[in-house]
Enquirer: 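Mind having a look at this structure? Questions to follow.
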Protein chains: 2
Amino acid sequence: MELDERKSKILKAIIQNYQETGEPVGSRTISKYSDLSLSSATIRNEMSDLEEMGLIVQPHTSAGRVPTDLAYRMYVDQLMKEDREKENEKAELSVPDQKSDFLIKRMDRMELMLEQVARIVADKTNYAAMVSSPRINQTKLKFIQLSRVDEYKLLMVLVVEGNIIRNKIFDIHEDLRDQDILSLNLLLNSNLNGLTMDEINLGVITHLTEQAGVHKDIVNRVLEEVAKAIRPDHSVEVYTSGATNIFKYPELSDNETASEILDTFEEKKQLAKALSDGLKADGHQGIRVYIGDETPVDSMKDCSIVTATYELSDGLKGTIGIVGPKRMDYPKVMKTLETLMQQLNAIFPKVPELEKKEPDAEGDVNIVEPAEDEKE
Amino acid sequence: MELDERKSKILKAIIQNYQETGEPVGSRTISKYSDLSLSSATIRNEMSDLEEMGLIVQPHTSAGRVPTDLAYRMYVDQLMKEDREKENEKAELSVPDQKSDFLIKRMDRMELMLEQVARIVADKTNYAAMVSSPRINQTKLKFIQLSRVDEYKLLMVLVVEGNIIRNKIFDIHEDLRDQDILSLNLLLNSNLNGLTMDEINLGVITHLTEQAGVHKDIVNRVLEEVAKAIRPDHSVEVYTSGATNIFKYPELSDNETASEILDTFEEKKQLAKALSDGLKADGHQGIRVYIGDETPVDSMKDCSIVTATYELSDGLKGTIGIVGPKRMDYPKVMKTLETLMQQLNAIFPKVPELEKKEPDAEGDVNIVEPAEDEKE
DNA sequence: ATTAGCACTCGTTCTTTTTGAGTGCTAACA
DNA sequence: TGTTAGCACTCAAAAAGAACGAGTGCTAAT
């Protein structure tokens with residue numbers, strides 16, 4: 001059977017109506033709701049066809065129709081598109097940044113900012129939001145330094161490309177003069193700086209340990225940490241917000257389902273997996289839509305997930321995702337994500353290296369500066 | 001009216017039965033359940049008295065009785081105590097530590113460890129758990145260092161007592177020779193190390209800025225960060241786990257209530273407030289119980305909260321809390337928290353300063369070392 | 001003081017009835 | 001040939017009613 005113009009319109013009307021009400025939608029409703037003026041009887045005939053095509057089903061005889069996953073897929077891939085040009089109701093969500101910070105107090109850490117982004121998206125859309133911290137793909141070591149903290153403790157500071165900082169405190173049991181520390185620093189910096197994971201090969205390592213002499217175990221421990229710091233797929237944090245929004249959708253808020261979904265949100269590992277999925281293949285403009293069974297997470301078979309990939313200046317890529325009922329407002333969600341991406345890109349311009357900062361009097365914040373102690 | 005021996009027993013029986021079943025408990029049940037062999041009629045008379053005393057109520061005529069908040073209060077304060085000596089079913093929960101780390105992979109950060117503690121407690125009790133990171137009361141600055149990262153960026157590393165590390169990257173717009181950095185470091189360390197918040201007074205500050213000469217704005221920015229790092233009541237993280245456990249208790253799992261509670265768990269600020277409450281006045285062994293309306297959080301009027309204060313070696317104090325229905329198993333929960341405290345204390349012994357670490361070959365972990373970049 | 005007995009209450013559960021939204025089909029119409 | 005009015009039919013959900021039974025309070029006997 002053919003999905004002609006009229007059938008499309010009817011299907012779209014059904015989807016949109018169902019999106020709003022959450023109730024199965026009947027022929028009479030469409031007859032009035034849509035602009036094509038047809039009697040309910042005609043609509044019924046068309047609906048019958050649509051059902052045969054597997055695009056809608058009725059929960060029981062004498063109920064209205066509900067779109068199937070297939071219909072949503074079709075909606076997202078085709079039907080929706082046509083409207084999207086017109087629809088220009090400026091999605092005015094404000095990403096917290098340094099300049100217009102009326103929404104946010106201080107955003108001096110990436111972590112806070114991602115949390116805020118999640119919150120804003122969740123508030124704006126009324127769905128649940130999740131954001132994965134960017135993961136680094138191939139990072140250069142930029143700076144390394146050892147310093148003595150007290151008699152038995154050595155502090156190591158690593159800075160990698162993107163100004164991500166990593167600290168580690170070592171206990172030392174051996175004698176170590178300040179002079180030794182100095183030369184170790186020199187040794188490490190001159191040999192390691194600017195190198196990527198791959199470039200630190202056995203040659204470099206043996207050279208280092210040889211040079212280190214008696215302190216070679218310190219060098220080894222340093223190398224271990226370096227490896228951790230620049231390892232490509234080092235684990236990813238996930239920030240979430242608005243998980244309880246699912247209670248706004250009856251089809252998700254029976255205890256069984258809700259509990260499972262919320263569990264997943266608490267146990268962020270699975271979310272991380274779902275989000276990193278989107279990183280691999282960039283669909284249309286980096287936005288991907290998973291409908292029902294397509295979702296990579298078991299507990300969300302009754303949901304849809306929309307993800308988008310963001311990229312910060314240093315090539316740090318992360319994903320932001322929205323979880324809602326299958327009847328979610330796809331156009332709105334996708335629009336939201338799109339403008340969000342644009343804004344993020346505007347804030348973090350893709351200047352290859354050494355982007356010059358405009359010197360603004362006070363507290364000009366380092367955008368990528370996640371490393372701090374765990375407080376505040 | 002007098003709460004005699006028998007009434008106590010009956011009340012206790014009611015509470016315990018209700019704790020298990022969640023259903024109003026009737027006279028017949030008690031007549032059989034409790035060891036005092038009395039007919040249901042007698043129990044009924046006593047119950048009538050208990051109701052008059054405000055210790056139990058019936059949801060409606062012809063229903064069993066349910067304990068009031070007052071009854072729980074009495075139970076926690078008195079009734080329960082008697083049994084607690086006998087009850088020695090060793091609460092075997094294993095705090096993740098370095099030695100017995102079968103439960104945990106790597107605990108090289110406080111953050112991870114607190115998360116794990118929350119998880120374990122939640123799993124063990126079947127209630128929701130929350131843990132606040134320790135807050136520092138009066139901290140000394142231990143170490144400070146500036147280093148150049150690249151032409152326009154200066155990295156500052158602070159270490160404060162307890163080996164908490166804080167990083168900050170400054171943009172610099174002025175000329176700064178390596179020699180200048182060295183002397184700045186010298187200047188800062190010799191003047192600030194070992195000082196607490198209070199001791200860094202105007203005298204010290206003016207002396208510093210004077211000495212700094214042209215670089216006095218750098219010093220100012222450093223001081224600003226120092227202030228943040230050692231500020232006494234710097235904000236507190238809260239780790240939670242098992243929030244969805246509330247679905248196990250029907251009285252909490254209608255959508256309205258559940259949604260509110262879960263919201264509170266997502267919005268951790270309120271939890272932080274509730275937890276910090278316990279820090280102030282140490283009740284019996286640091287364990288406090290809030291029943292129903294006593295809870296400091298509005299959305300948890302239908303819950304009870306049990307909190308305990310833990311203290312790590314460096315005088316870092318935090319709170320761990322358990323949220324459950326008012327009919328929670330108080331003895332079990334309190335027991336759990338008690339043994340947990342003991343274990344934490346065992347792992348972090350209260351040696352005043354410079355606790356000697358047993359040198360174990362590899363990766364001897366710094367217990368208090370929260371500061372790292374946001375990954376892993 | 002305790003208890004057996006009994007009438008009474010009232011939420012829960014099960015069954016029945018009613019309602020109405022929605023369908024499919026047919027026959028008439030343009 | 002496509003559209004529509006009309007009508008019988010279905011079935012979930014809502015409303016109404018009946019039966020149940022857990023639990024109570026009271027009284028009278030022990």
Side-chain angles (χ1 to χ4, degrees), chain A residues 1-11 13-18 20-68 71 250-251 253-254, chain B residues 1-11 13-15 17-18 20-68 71 250-251 254:
Chain A
M1 197 167 316
E2 186 60 28
L3 188 78
D4 57 20
E5 175 88 16
R6 199 168 70 175
K7 284 191 173 51
S8 287
K9 278 196 176 170
I10 293 178
L11 180 56
I14 293 176
I15 291 178
Q16 280 159 6
N17 190 284
Y18 184 63
E20 282 169 23
T21 65
E23 301 284 309
V25 14
S27 55
R28 247 181 80 80
T29 314
I30 299 299
S31 166
K32 285 182 293 186
Y33 186 50
S34 70
D35 48 351
L36 24 78
S37 39
L38 292 172
S39 79
S40 62
T42 315
I43 305 285
R44 272 203 290 285
N45 289 331
E46 295 288 43
M47 278 175 144
S48 182
D49 291 351
L50 286 172
E51 181 152 26
E52 206 173 315
M53 295 163 78
L55 292 170
I56 53 180
V57 287
Q58 41 187 168
H60 57 264
T61 348
S62 91
R65 307 301 218 287
V66 165
T68 63
E251 65 265 48
S253 39
D254 69 296
Chain B
M1 199 168 314
E2 187 60 28
L3 188 78
D4 57 20
E5 174 88 15
R6 199 168 71 176
K7 283 190 172 52
S8 287
K9 278 196 176 171
I10 293 177
L11 180 56
I14 294 175
I15 292 179
N17 190 285
Y18 184 64
E20 283 169 23
T21 65
E23 300 284 309
V25 12
S27 54
R28 245 180 83 79
T29 314
I30 298 300
S31 165
K32 285 182 292 186
Y33 187 53
S34 70
D35 46 352
L36 25 77
S37 38
L38 291 172
S39 78
S40 63
T42 314
I43 304 285
R44 273 203 291 285
N45 289 331
E46 295 287 43
M47 277 175 143
S48 182
D49 291 351
L50 286 172
E51 181 152 27
E52 207 173 315
M53 296 163 75
L55 291 170
I56 53 181
V57 286
Q58 42 187 165
H60 57 266
T61 346
S62 92
R65 307 300 218 286
V66 165
T68 63
E251 65 266 48
D254 69 297

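First the proteins, then the strands, lettered A, B, ... as listed; each starts at 1. In this text, all values refer to a predicted model and were calculated from it rather than measured experimentally.
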Enquirer: Report which part of the nucleic acid T61(B) touches: base, sugar-phosphate, or nothing (heavy-atom distance under 4.0 Å, all strands).
Expert: sugar-phosphate
Enquirer: So how far is it from L38(A) CG to I30(A) CD1, rounded to the nearest 0.5 Å?
Expert: 11.0 Å
Enquirer: According to side-chain hydrogen bond (donor to acceptor under 3.5 Å, both in side chains), who are the partners of T42(B), at least two apart in sequence or on a separate chain?
Expert: S39(B)
Enquirer: Kindly compute the distance separating CG (L11(A)) from CG (D49(A)), expressed to the nearest 0.5 Å.
Expert: 12.0 Å
Enquirer: Measure the distance from CD1 on I43(A) to P on dT23(C) and round it to the nearest whole Å.
Expert: 10 Å
Enquirer: If an axis is fit to five pairs at each end of the helix from dA1(C)-dT30(D) to dA30(C)-dT1(D), what is the angle between the two, to the nearest 10°?
Expert: 20°
Enquirer: Grab the CG-P distance between L36(A) and dT4(D) for me, whole Å please.
Expert: 11 Å
Enquirer: List in chain and number order the residues that pass salt bridge (Lys or Arg N to Asp or Glu O under 4.0 Å) with R28(A), two or more places apart in sequence or in another chain; answer none if no residue qualifies.
Expert: none
Enquirer: Nearest 0.5 angstrom please: I56(B) CD1 to L50(B) CG, how far?
Expert: 4.5 Å
Enquirer: At their closest point, which heavy atom of G54(A) faces which heavy atom of T68(A), and how far apart are they?
Expert: O-OG1, 2.9 Å
Enquirer: Provide a list of protein-nucleic acid N or O atom pairs under 3.5 angstrom, restricted to nucleotides 24-30 of chain C.
Expert:
unit_1  : atom_1 : unit_2 : atom_2 : d
dG24(C) : OP1    : R65(A) : NH2    : 3.2
dG24(C) : N7     : R44(A) : NE     : 3.0
dG24(C) : O6     : R44(A) : NH2    : 3.3

Enquirer: Under the salt bridge (Lys or Arg N to Asp or Glu O under 4.0 Å) rule, collect the residues that match up with E251(B), sequence neighbours excluded.
Expert: R327(B)
Enquirer: Show me, pair by pair, the donor-acceptor contacts under 3.5 angstrom made by side chains of residues 58-65 of chain A, not counting sequence neighbours?
Expert:
unit_1 : atom_1 : unit_2 : atom_2 : d
Q58(A) : NE2    : A63(A) : O      : 2.9
R65(A) : NE     : E51(A) : OE1    : 3.0
R65(A) : NH2    : E51(A) : OE1    : 2.8

Enquirer: If the condition is side-chain hydrogen bond (donor to acceptor under 3.5 Å, both in side chains), which residues does D254(B) pass it with, not counting sequence neighbours?
Expert: T257(B)
Enquirer: Please encode protein proximity along nucleotides 13-22 of chain D as a string of B, S and -, counting only heavy-atom distances under 4.0 Å.
Expert: ---------B
Enquirer: Would you please name every residue forming a side chain to side chain contact (heavy atoms under 4.5 Å, CB included) with S48(B), sequence neighbours left out?
Expert: none
Enquirer: Suppose the criterion is salt bridge (charged side-chain N to carboxylate O under 4.0 Å, His left out): which pairs have a residue in residues 31-40 of chain B, not counting sequence neighbours?
Expert: none
Enquirer: Provide the full list of salt bridge (charged side-chain N to carboxylate O under 4.0 Å, His left out) pairs with a residue in residues 37-47 of chain A, sequence neighbours left out, each pair given once.
Expert: R6(A)-E46(A), K7(A)-E46(A)
Enquirer: Under 4.0 Å from any atom of DNA chain C, heavy atoms only: list the residues of residues 20-34 of chain B that qualify, in numerical order.
Expert: none
Enquirer: Report yes if at least one side-chain N or O of T42(B) is closer than 4.0 Å to OP1 or OP2 of dT2(C); otherwise report no.
Expert: no
Enquirer: Hey, could you give me the CD1/CD1 distance between I10(B) and I15(B), rounded to the nearest 0.5 Å?
Expert: 12.5 Å
